[in-house]
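In what follows, chains are A, B, ... by sequence order, proteins preceding strands, each numbered from 1. Not measured: the values here are computed from a predicted model.
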Amino acid sequence: MDNIRESLLKQSAATRKDRFGRYISLAALLLIVVVVLSIFWFVASKGLATFFANKVNLWDFLTGTKWAPGQKDANGHPFVGAAPMIVGSFLVTLISALIATPFAIGTAVFMTEISPKRGAKILGPVTELLVGIPSVVYGFIGLSVIVPVMRHLFGGSGFGILAGAMVLFVMILPTVTSMTVDTLKSVPRHYRESSLALGATRWQMIYKVILRAATPGILTAVVFGMARAFGEALAVQMVVGNAALMPQNLTSPAATLTSVLTQGIGNTVMGSLENNALWSLALILLLMSLVFNSVIRAIAKKGAM
Amino acid sequence: MKRSWLISAAIVVVVGGLLALGYTTREKNGSVNITAVGSTALQPLVEAAGEDYAAKNMGVFVNVQGGGTGTGLAQVQQGAVDLGNSDMFAEEKDGIKANQLVDHKVAIVGIAPMLNKQANIKNLTQDQLIAIFTKKVTNWKQVGGADLPIVLVNRVSGSGTRATFEKWGLKGAESADAQEQDSSGMVRSIVSTTPGAVSYAAFAYLDKTVSVPTLNGVKADDDNVKDGKWPIWSYEHVYTKGKPTKDVQAFLDFIDSKHIQTTLVPQLGYIAIHDMEISRDVNGKITSEN
Amino acid sequence: MLNPKQADKIASAILYAIAGFVILILAALLGYILYQGVPHLSWHFLTAPATAFTAGGGIGIQLFNSLYLLVITMLISFPIALGAGIYLNEYANKKSRATALIRTAIEILSSLPSVVVGLFGFLLFVVQFKLGFSILSGAISLTFFNLPLLTRSVEESLRTIPDLQREAGAALGLSRWETVGHIILPAALPSIVTGVVLSAGRVFGEAAALIYTAGQSAPALDFTDWNPFNVSSPLNIMRPAETLAVHIWKVNSEGIMPDAAAVSAGSSAVLIIAVLLFNFFARYLSGVLFKRLTATK
């Protein structure tokens, strides 16, 4: 009697194992959260020092157009205007995403709906391979192929936002494509079947059913691509020209947040204004991607309804 | 189920046993570790000297990393590393308390302007050079070259090469805002591929893909640096925090020795510190050595 | 107005054109790298140590370092990403604010420029924890950089498994954990492996995060000494290790050896070929695993 009672009241081995697994996986997740928080704290504490310890006006920082933290103007304020880099970063990211999105969606639709066999055999492995090319190599191809082409087409030195956007377009294409493929694949099969059964052509099915159903996922893929474009440093830095000037047009040398950050960080002294100002750029980078994320999240939510 | 448990347990035991065996049989050399961080330009020299030194002195290990002059000075000041490699005097860097650091000059680096070949320029006067870098002159034909717009390429601000070039090549004038790159190799490949581009680099990076003009008729070579005819050069410094320990001092002496100064230093494109006929302090005051 | 049939034809043609164009770009890119690099490859190049200022240096140590660092990074990051992915997809309440917040945090982490991750790793592990410039510091930093992507791909792979499978598991009286372990994971394995390969490719090619953590010097290794506690042993995780991608970066930016361009092109080609081989192996592995773990023939 007692034995039965005991085994009924006690947790089964499966329950214990389940709880164990749950805690383990939760611990893994929490570890990631701790990592994110510590990096946040790290960047924020350094980035905010520009405003608190060095007393730089936030508004001047965001709207100023001269970036030369080592120099001071007539009133003794350092030149820390980040506007050229903010504009530069936004432009390269948006342009590259604008070019990459139609190509990525087209390729992904081709791979999932039109020719899944060839898609899986050729395009799939190739896109995976491309992710593994180091950004330095992309940068060098940009330097030896894209910049001369730009120079030829538009004159000037060839370095600029457009060259940066072209390199980023190729870099984010595999990421956006393979994520879009995943999304399209997760659209349930019966959507396709029922729309075809209703007499829709393949294109009608793709356009009116599958792409609609996959919109939130595709948007996420694009954001991921944009995030990568935003954070990419080495490749962009080689072709964008790195002149901390307000971009006059798309083919004049410009700078992005990451290019200025990467180049300057080793040459400045930890704790000095020059260094803190660079960390403020990193902070902007973080905050801007936060904004991006929440905007797209809102769109995705709307699309899901 | 049982079997897989047994197998995993066996693997854990075997791996643990091997690790324990390795730990007990490891080489027990009371090793000396010297860590150097800083200027990427100086890294190859210190690294090569370090390998040579380690080969000659059992149990000494010299770990040399780049990271940039700013990183090197900041880390040596904090005491995180033993040696801080720098392209410039610590006094010239903001945020560094130079009086805590001891300077060890290990080599001289000559720096020269370099041009894209299409500019077609053989000689520049220093005034022309200043006019070019302050954008007072915007086409090569204004200084006797081809009809080609001038494209400025700078090193990133804070780099030792740029600081030296502006101080001695441009007589202290600030270069105008332009493209910036953070490494000599990148600058060279941009100059060699962009028509009308102009920049500057250490002698070691000058090759036949770019053209190097004479400055006021003086050729950019080691001999002209040694006797002071070529003005654009700087010391390569290794800083220690306070007086170096015995082990570190021994390594510094090794770099300063005739052996290294006559083999590695010239091989890597530097000028040996003992060959200089003049010396220059942080304020630019030049004194004759002999 | 086009009739639907014509529209379908035109759209198909456009899609073919786009896919063709993308293949063309990708093929040109790969072809360019291989064309530039393959002529420089030789057994000597693959095995010799690098030289600082003379021609004829190889990439042997860098190649080994890259592979070893990749293995260590995966050993650290895969279990964490797997756990986090499982929790997010199988246990977490998807509607809750906390889950959304965590997800955002992960996405933010993935958009951080890798140089920031590298500097964070430098200040925390190299300096604060006194791990020095070492494979361990590099692997932990790469883990930070790798986790978001890997977690996301694990989660995504789990999501594509239909709920029917979970319901079936529950109907058999399995606990959620057992369902995950015996049904969901095996079914999701091929796409998890693909995700791992994708992120391994990124890790393999990453340079900026390693410059300040694993270091940019490759001390000579003694390939006869496999005791991980010896300084010159290839397996020592406390030694500085310049990887192939860092080497390419260094050669391009500061290299003064006369054959710098050849070394850089050759290394890039090796990198691509290594990722390619890795890719094939992983595909093969995932196929074999899928057959063994499920009833599929």
Looking at [options], which has the largest count of heavy-atom pairs under 4.5 Å with chain A?
{"options": "C:Leu88, C:Val117, C:Leu119, C:Leu147", "result": "C:Leu119"}
{"options": "C:Thr160, C:Ile102, C:Ile248", "result": "C:Ile102"}
{"options": "C:Ile23, C:Ile10, C:Ile86", "result": "C:Ile23"}
{"options": "C:Ala84, C:Ala19, C:Gly181", "result": "C:Ala84"}

Check each atom of [X] against the heavy atoms of chain A and say whether the ones under 4.5 Å are side chain, backbone, both or neither.
{"X": "C:Glu206", "value": "neither"}
{"X": "C:Ile14", "value": "neither"}
{"X": "C:Phe21", "value": "side chain"}
{"X": "C:Leu124", "value": "neither"}
{"X": "C:Arg152", "value": "side chain"}
{"X": "C:Thr151", "value": "side chain"}
{"X": "C:Ile25", "value": "side chain"}
{"X": "C:Tyr32", "value": "side chain"}

Output, in order, the C-alpha distance, side-chain angles, deciding distance and verdict of side-chain contact (heavy atoms from CB on, under 4.5 Å) for C:Val22 and A:Phe110.
CA-CA 11 Å; C:Val22 168; A:Phe110 182 84; over 6 Å; no

What's the separation between atom [atom1] in [X] and atom [atom2] in [Y], rounded to the nearest 0.5 Å?
{"X": "A:Leu29", "Y": "C:Ile106", "atom1": "CG", "atom2": "CD1", "result": "5.5 Å"}
{"X": "A:Ser144", "Y": "C:Gln36", "atom1": "OG", "atom2": "CD", "result": "6.5 Å"}
{"X": "C:Leu26", "Y": "A:Thr177", "atom1": "CG", "atom2": "OG1", "result": "8.0 Å"}
{"X": "C:Ser77", "Y": "A:Leu31", "atom1": "OG", "atom2": "CG", "result": "11.0 Å"}
{"X": "C:Ile18", "Y": "A:Ile105", "atom1": "CD1", "atom2": "CD1", "result": "9.0 Å"}
{"X": "A:Glu113", "Y": "C:Ser12", "atom1": "CD", "atom2": "OG", "result": "11.0 Å"}

A:Arg22 and C:Trp177: side-chain contact (heavy atoms from CB on, under 4.5 Å), yes or no, with the steps?
CA-CA 7 Å; A:Arg22 194 189 167 106; C:Trp177 183 247; over 6 Å; no

Report which part of [X] has an atom under 4.5 Å of a heavy atom belonging to chain C: side chain, backbone, both, or neither.
{"X": "A:Thr183", "answer": "neither"}
{"X": "A:Thr258", "answer": "side chain"}
{"X": "A:Leu261", "answer": "side chain"}
{"X": "A:Pro102", "answer": "backbone"}
{"X": "A:Met179", "answer": "side chain"}
{"X": "A:Leu26", "answer": "both"}
{"X": "A:Phe20", "answer": "neither"}

Check step by step if side-chain contact (heavy atoms from CB on, under 4.5 Å) holds for A:Phe42 and C:Leu123.
CA-CA 10 Å; A:Phe42 173 77; C:Leu123 290 180; 3.4 Å; yes

Assess the residue pair C:Thr143 and A:Val35 against the criterion (side-chain contact (heavy atoms from CB on, under 4.5 Å)); give the C-alpha distance rounded to whole Å, side-chain angles, the decisive distance to 0.1 Å, and a yes or no.
CA-CA 10 Å; C:Thr143 297; A:Val35 165; over 6 Å; no

Taking only residues two or more places apart in sequence or in another chain, which ones pass salt bridge (charged side-chain N to carboxylate O under 4.0 Å, His left out) with A:Arg202?
none

For residues C:Ala11 and A:Trp203, report the shortest heavy-atom separation together with the two atoms involved.
CB-CD2, 3.1 Å

Any side-chain donor-acceptor pair under 3.5 Å between C:Tyr91 and A:Asp18?
yes

